[in-house]
Amino acid sequence: MSRRGTLSRSVPVRHDLGVIDWRGTARNVRHGPTVTYGLIAACCLVFLIGPVSGLNPVYGTGDQLLAAQSDWFRRWGVVPAELMSSEPHALLTPLTALFVHGSWLHLLGNMLFLSVFGAMAEERMGAVEFLLFYLGCGYLALLAYAAAHANSEQTLVGASGAISAVLGAFLFLFPRARVTSLFPFLLFLPLRFPAWMVLVFWFVLQWLAARSAGPGPGVAYLAHVVGFAAGFLYAWGRFRGGAKVKAPAAATEGERQP
């Protein structure tokens with residue numbers, strides 16, 4: 001079994017923040033968040049053609065399918081013991097693992113977070129910088145997890161280390177954007193909170209979970225914590241001299257002003 005990164009303590013639906021330029025003024029996007037959508041498409045395509053989706057007949061069924069899934073995770077996911085031993089083929093796995101997911105729920109949960117928070121972060125950074133930021137922070141998050149579990153043979157897959165970095169950057173850049181979230185423990189009641197409240201709450205949960213997480217299969221909370229911190233610090237270092245959104249922008253099309 002693999003450890004997975006999944007961002008599922010609360011479910012973000014959308015944020016009420018218009019597209020802004022570096023001065024914080026509303027403007028139109030000519031090309032849209034192409035990198036964000038491209039990353040989502042790549043993750044979905046990899047999942048669909050792989051054995052985990054169960055839709056590709058080439059991997060067979062039953063025990064044959066389970067064996068194919070195990071081989072898939074080990075080939076493309078991070079195996080900490082191999083990565084820490086600097087085996088050549090393992091050095092690329094923190095990148096390939098960002099596009100591999102362990103289940104439909106794992107994939108959909110991560111892509112929801114990326115779609116809600118990635119578009120604005122990409123618009124603020126620019127496409128090329130956002131892509132390098134996403135891949136670099138994702139690599140760092142998985143590398144940090146591997147270093148903390150250097151003897152583990154458990155594979156680690158999922159994009160949530162990189163997506164956590166996006167959340168961290170979003171917190172610095174757009175702290176007062178209003179995020180509509182569904183909270184399972186409140187019977188999925190939709191509630192709107194400032195981004196800083198939602199993301200700080202999420203980060204605290206990840207931190208507490210990381211401190212109590214065991215070495216076996218489950219969620220790699222440490223990768224979330226490292227990714228979030230890396231994203232926030234990157235945004236702070238890169239954009240601290242520029243303007244941030246100080247107040248909520250106009251509601252998106254089709255939505256009433258509060």
Side-chain angles (χ1 to χ4, degrees), residues 5-8 10-48 95 98-101 106-141 158-181 192 194-196 198-199 202 224 227-228 230-239 242-245 248-255:
T6 181
L7 308 170
S8 59
S10 63
V11 183
V13 178
R14 65 175 183 274
H15 57 70
D16 302 332
L17 181 64
V19 176
I20 60 169
D21 63 13
W22 65 273
R23 293 174 296 274
T25 55
R27 67 185 181 85
N28 294 323
V29 181
R30 292 184 178 181
H31 304 293
T34 53
V35 171
T36 298
Y37 293 155
L39 290 169
I40 292 172
C43 288
C44 291
L45 179 61
V46 169
F47 184 81
L48 291 174
L95 291 179
L98 295 177
F99 298 91
V100 178
H101 290 82
H106 186 203
L107 172 72
L108 296 176
N110 277 354
M111 295 307 99
L112 176 59
F113 271 82
L114 181 55
S115 66
V116 170
F117 296 102
M120 287 307 304
E122 177 183 345
E123 176 62 18
R124 184 68 173 85
M125 295 180 186
V128 174
E129 182 178 352
F130 178 76
L131 178 60
L132 295 176
F133 161 81
Y134 180 92
L135 296 176
C137 288
Y139 192 106
L140 177 63
S160 58
I163 298 172
S164 296
V166 174
L167 302 188
F170 193 97
L171 174 61
F172 179 81
L173 295 171
F174 311 111
R176 297 188 182 181
R178 295 185 301 274
V179 178
T180 301
S181 298
R192 293 203 305 173
W196 71 265
V198 173
L199 295 177
W202 176 87
H224 300 178
F228 188 94
F232 184 89
L233 291 174
Y234 177 87
W236 176 81
R238 173 72 171 82
F239 298 103
K244 299 196 296 266
V245 175
T252 53
E253 183 178 356
E255 185 172 353

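- Between S115 and I40 there is a side-chain heavy-atom pair separated by less than 4.5 Å.
- The two residues L98 and A162 make their nearest non-hydrogen contact at CD2-CB, 4.1 Å.
- Residues Y134 and T36 fail the side-chain proximity criterion, which asks for heavy atoms closer than 4.5 Å.
- Contact check for L171 versus F228: side-chain heavy atoms found under the 4.5 Å cut-off.
- Ring pair F133/Y234 is tilted by interplanar angle, where 30° to 60° counts as tilted.
- Scanning both residues, G161 and A141, for their nearest heavy atoms gives CA-CB, 3.9 Å.
- Every residue two or more places apart in sequence or in another chain that forms a ring pair (Phe, Tyr, Trp, His ring centres under 6.0 Å) with F47 is listed here: W104.
- The distance from the SG atom of C44 to the CE atom of M111 is 6.5 Å, given to the nearest 0.5 Å.
- When atom types are taken as modelled, the side chain of E123 and the backbone of P33 share no donor-acceptor pair closer than 3.5 angstrom.
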- prompt: Would F239 and M125 count as a side-chain contact (heavy atoms from CB on, under 4.5 Å) if you check the C-alpha gap in whole Å, the side-chain angles of each, and the deciding distance to 0.1 Å?
  reply: CA-CA 9 Å; F239 298 103; M125 295 180 186; 3.8 Å; yes
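- Judged purely by distance below 3.5 Å, without hydrogens or angles, the side chains of S160 and H224 pair a donor atom with an acceptor atom.
- Residue E122 comes nearest to T34 through the heavy atom pair OE2-N, 3.1 Å, listed as atom of the first residue, atom of the second, then distance.
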- request: Decide side-chain contact (heavy atoms from CB on, under 4.5 Å) for F99 and L39; before the verdict, give the C-alpha distance in whole Å, the side-chain angles of both, and the deciding distance to 0.1 Å.
  value: CA-CA 8 Å; F99 298 91; L39 290 169; 3.9 Å; yes
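- H101 and A159 make their closest contact through NE2-N, 3.5 Å (heavy atoms, listed as atom of the first residue, atom of the second, distance).
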